[in-house]
Amino acid sequence: MRFPPPATIPVALAMAALGSCGRERARSIQLEEVGLSTNIDVRVKSGDPRRWYIPESNGSGAAWLDYDSDGDMDLLIGNGASVNYVEDGKRLEIVKDGGTRLYAKDWKEDHPFPFFDATEASGLSCKEWVNGIATGDIEGDGDTDVYFANFGIDALYRNDGGKFRDATEECGLRNEKWGASAAFADVDNDGDLDLYVANYCEFDPENPPAGGKRNVIQGVEVAWGPEKENPGINLGAPDVFFRNQGKGIFKNETVEAGLALRKPLCSYAVVFSDIDLDGWQDILVANDGQPSNLFHNKGLGRFVEEGEARGFAYNSKGQATAAMGLTVEDFDGDGDMDVFRTNFDLEANSLLVNDGKGNFTDRAEEFGLAAPSLDRLGWACAFWDGDNDGDYDILVANGHVYPQAEKIGMHAWLQRSQLFECYRDEAGMLKYRDRSSRITDPFSLPAAARGIAIGDPNNDGREDVVIVDIDGPPRLFRNVTRNPGHFITVRLIGVVSNRDGYGARVTVFTGGRSFVREMRTTQGLYSSHDPRLHFGLGNERDVLKVVVEWPSGTVQIVEKPQTDTFITIREPSNAPR
């Protein structure tokens with residue numbers, strides 16, 4: 001049984017208690033684009049500019065990680081590949097001219113974001129067409145390993161003291177389907193990390209759909225979409241679950257875990273979260289044009305699909321959406337995890353509010369998040385407290401799948417990404433509004449944005465943002481918000497639990513509020529974030545205690561840590577198993 005949630009009062013009352021939201025808006029979020037001055041020179045590829053085939057519109061993600069254990073955040077950028085249309089598209093030739101890039105912090109330069117290219121020196125050079133990046137310590141040796149979900153064969157790079165090698169085969173992690181994203185978690189609480197891979201659809205470059213003929217809409221040639229739009233074309237590929245057998249050796253146990261669906265779906269984002277506070281990590285999966293999945297963990301990593309029963313499968317109208325991104329946090333401060341989900345052009349994004357028992361209701365329209373998303377196509381998303389005022393704003397990366405979209409009555413290929421700011425209306429109710437225009441032009445410029453990664457590489461207590469676009473360099477935004485609120489950032493080291501502490505529930509108690517987060521790095525879509533849990537505290541100057549509920553069952557309390565600092569909490573070695 002979990003430690004009691006910090007709030008068990010009704011949601012409306014819990015929202016009323018969030019005094020910092022809105023009243024502290026004298027500070028406004030400010031972002032400064034610094035990518036070009038940081039030696040981050042990679043350009044992200046994704047096929048042919050015409051995007052006549054579905055893999056070419058998907059893009060890549062990024063990851064913040066401390067690959068060499070020196071205490072600094074390094075940046076990994078995924079990359080795709082070019083495509084040649086052979087015989088007018090009867091066959092696709094994949095040209096692996098992209099390649100991932102790992103940028104490490106360079107202390108020699110006097111710059112807030114000094115990086116140098118450490119790709120070759122580290123061995124973390126994946127030449128496959130990367131979509132998603134998942135990070136985690138698979139064998140508990142203290143080094144962060146990396147899994148690449150690829151259009152092609154996925155790859156696991158094992159880290160040994162800052163040197164990587166491809167260990168896919170020896171770890172038992174071969175996935176030949178098109179991996180859109182992946183995430184690590186300890187689903188059976190046995191002290192090591194398991195892996196879920198969300199596969200998108202069946203696509204053979206040697207035999208593209210319809211013999212290579214394009215889809216034609218209103219006389220315009222475009223790509224064939226997923227099977228929901230075109231029966232028999234781009235069929236869903238089965239997702240895969242790998243259980244860690246110990247020491248980073250995995251076994252495909254998709255069927256044994258109850259995760260094999262009767263019909264494979266077209267999956268995008270996957271996020272682990274304990275949605276009903278029973279101590280077991282559940283699995284949330286966004287599907288394209290099909291009902292989203294909620295796999296409820298009944299204990300020891302045995303799952304039952306309950307998406308429809310729990311209100312997660314559909315939107316507020318009872319319809320399946322072309323869902324892509326998922327981000328999970330306690331946005332309303334009532335102690336349970338809520339979900340923001342991005343959807344397709346002309347479909348509203350979803351805000352799925354948890355009732356405390358793991359049941360969801362889409363309330364995007366009520367909170368002001370529906371209408372502003374109807375003219376966008378959302379990919380990655382993130383709950384993010386950019387000004388440390390104690391509430392979650394929302395970032396969304398936008399961009400269409402068709403360069404020809406406007407010719408067929410849809411919105412533009414290049415789109416503005418969005419920042420939704422949390423505020424209170426005149427009645428004191430929690431709301432969101434699009435404030436993208438209030439921050440820097442590089443953020444709001446139209447782009448084919450796909451991935452978002454959040455981190456604090458300069459350790460100033462203000463989380464920074466990377467947006468990965470296709471056909472260009474990633475955009476790195478330094479958070480220069482003036483007079484932000486207080487914060488505390490928590491790093492976990494598991495001893496009996498998994499080394500990363502994935503699945504731990506961390507609650508920060510102050511004199512006036514409590515703040516809850518779950519430990520995970522991978523969410524949104526395609527990307528993994530800073531492995532340190534960041535808490536914006538608003539005007540709360542003093543932290544009374546930090547409570548960590550470890551997956552092992554141990555409840556650890558740290559009394560009165562200093563505010564505006566980074567702290568490390570190590571699990572007691574005598575924690576029960």
Side-chain angles (χ1 to χ4, degrees), residues 1-6 134-145 147 182-196 241-250 253 257-259 270-284 294-303 328-330 335-337 354 358 490-508 515-523 528-529 531-533 535 545-558 567-577:
M1 181 64 184
R2 282 295 201 189
F3 194 84
T135 57
D137 183 355
I138 63 170
E139 68 272 71
D141 64 353
D143 297 321
T144 301
D145 308 297
Y147 186 89
F184 289 105
D186 184 0
V187 302
D188 44 14
N189 291 345
D190 66 350
D192 52 37
L193 294 179
D194 311 298
L195 178 70
Y196 188 99
F241 171 71
F242 295 98
R243 194 182 299 272
N244 197 330
Q245 308 299 300
K247 299 183 179 181
I249 304 300
F250 293 81
E253 293 193 6
L259 293 167
V270 55
V271 181
F272 287 94
S273 177
D274 180 5
I275 56 118
D276 58 350
L277 304 178
D278 65 354
W280 301 101
Q281 291 286 293
D282 309 299
I283 304 174
L284 310 175
L294 190 162
F295 297 102
H296 184 224
N297 191 339
K298 297 297 185 179
L300 298 175
R302 307 298 175 183
F303 296 88
V328 181
E329 296 290 352
D330 177 20
D336 53 45
M337 293 297 122
N354 194 331
V490 179
R491 179 193 176 206
L492 299 180
I493 299 178
V495 176
V496 179
S497 302
N498 67 86
R499 176 78 179 186
D500 296 312
Y502 287 0
R505 179 179 167 92
V506 181
T507 308
V508 174
F515 307 82
V516 179
R517 296 197 68 185
E518 290 178 322
M519 181 58 211
R520 71 176 73 85
T521 57
T522 305
Q523 64 171 329
S528 293
H529 309 283
R532 303 166 298 180
L533 287 178
F535 294 82
K545 60 183 176 180
V546 177
V547 177
V548 182
E549 301 162 67
W550 293 95
S552 65
T554 292
V555 176
Q556 186 175 3
I557 300 175
V558 177
I567 67 171
T568 298
I569 301 177
R570 185 182 182 90
E571 183 182 22
S573 59
N574 61 350
R577 168 51 62 204

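Start at 1 with the first residue, then count along the sequence. These numbers were taken from a predicted model, which means no experiment stands behind them.
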Could you state the interatomic distance from CG (L193) to CG (D137), rounded to the nearest 0.5 Å?
7.0 Å
Which atom of P572 lies closest to which atom of W550, heavy atoms considered:
CD-NE1, 4.4 Å
Any side-chain to backbone donor/acceptor pair from R520 onto F272? Under 3.5 Å, distance only.
yes
Checking the side chain of E518 only, and the main-chain atoms of D330 only, is there a donor and an acceptor separated by less than 3.5 Å?
no
If only atom types and distance count, is the side chain of N244 paired as donor or acceptor with the main-chain N or O of D192 below 3.5 Å?
no
Separation between CD1 (I138) and CD1 (I249), nearest 0.5 Å, reads 7.5 Å
Is any side-chain heavy atom of D274 less than 4.5 Å from a side-chain heavy atom of M337?
no
Please round to the nearest 0.5 Å and tell me the distance separating atom CG of D336 and atom CD of E329.
12.0 Å
Are R499 and I493 packed together at the side-chain level, in the sense that at least one heavy-atom pair is separated by less than 4.5 angstrom?
yes
Taking the side chain as C-beta and beyond, is there a heavy-atom pair between V548 and M519 under 4.5 Å?
no
Any chance you could lay out the side chain to side chain contact (heavy atoms under 4.5 Å, CB included) test for V187 and Y196, step after step, and finish with the verdict?
CA-CA 10 Å; V187 302; Y196 188 99; over 6 Å; no
Shortest non-hydrogen pair, S497 vs S552, comes out as OG-N, 3.0 Å
Which atom of L195 lies closest to which atom of A182, heavy atoms considered
CD1-CB, 4.0 Å
I need the minimum non-hydrogen distance between G279 and N189, along with the two atoms involved.
O-ND2, 3.1 Å
Show the numbers, then the answer: is there a side chain to side chain contact (heavy atoms under 4.5 Å, CB included) between E139 and D145?
CA-CA 9 Å; E139 68 272 71; D145 308 297; 2.7 Å; yes
So NZ of K298 and CZ of F303: to nearest 0.5 Å the spacing works out to 11.5 Å
Under 3.5 Å, is there a donor-acceptor pair between the side chain of R243 and the main chain of G301?
yes
Worked verdict on D186 versus Q281 for side chain to side chain contact (heavy atoms under 4.5 Å, CB included):
CA-CA 7 Å; D186 184 0; Q281 291 286 293; over 6 Å; no
Between V506 and V546, is any pair of side-chain heavy atoms under 4.5 Å apart?
yes
To the nearest 0.5 Å, what is the distance between CD1 (I567) and CG (L492)?
9.0 Å
L294 versus I283: any side-chain heavy-atom pair under 4.5 Å?
no
Over all atoms of both residues, closest heavy-atom pair of S573 and V496:
O-CG2, 3.7 Å
Do the ring planes of F250 and F242 sit parallel (below 30°), tilted (30 to 60°) or perpendicular (above 60°)?
perpendicular
Distance-only, no hydrogens or angles: does the N297 side chain make a donor-acceptor pair with backbone N or O of W280 under 3.5 Å?
no
Checking side-chain contact (heavy atoms from CB on, under 4.5 Å) against R517, which of V490, L533, T507 comes through?
L533
How far apart are the C-alpha atoms of T521 and F184, what are their side-chain angles, what is the distance that settles it, and do they pass the side chain to side chain contact (heavy atoms under 4.5 Å, CB included) test?
CA-CA 9 Å; T521 57; F184 289 105; over 6 Å; no
Neighbour count >12 (heavy atoms, 6.0 Å) for atom CZ, R302:
yes
Are E571 and T554 linked by a side-chain donor-acceptor pair shorter than 3.5 Å?
no
Taking Y502's backbone N and O only, do any of them form a donor-acceptor pair with D500's side chain (distance below 3.5 Å, no angle check)?
no
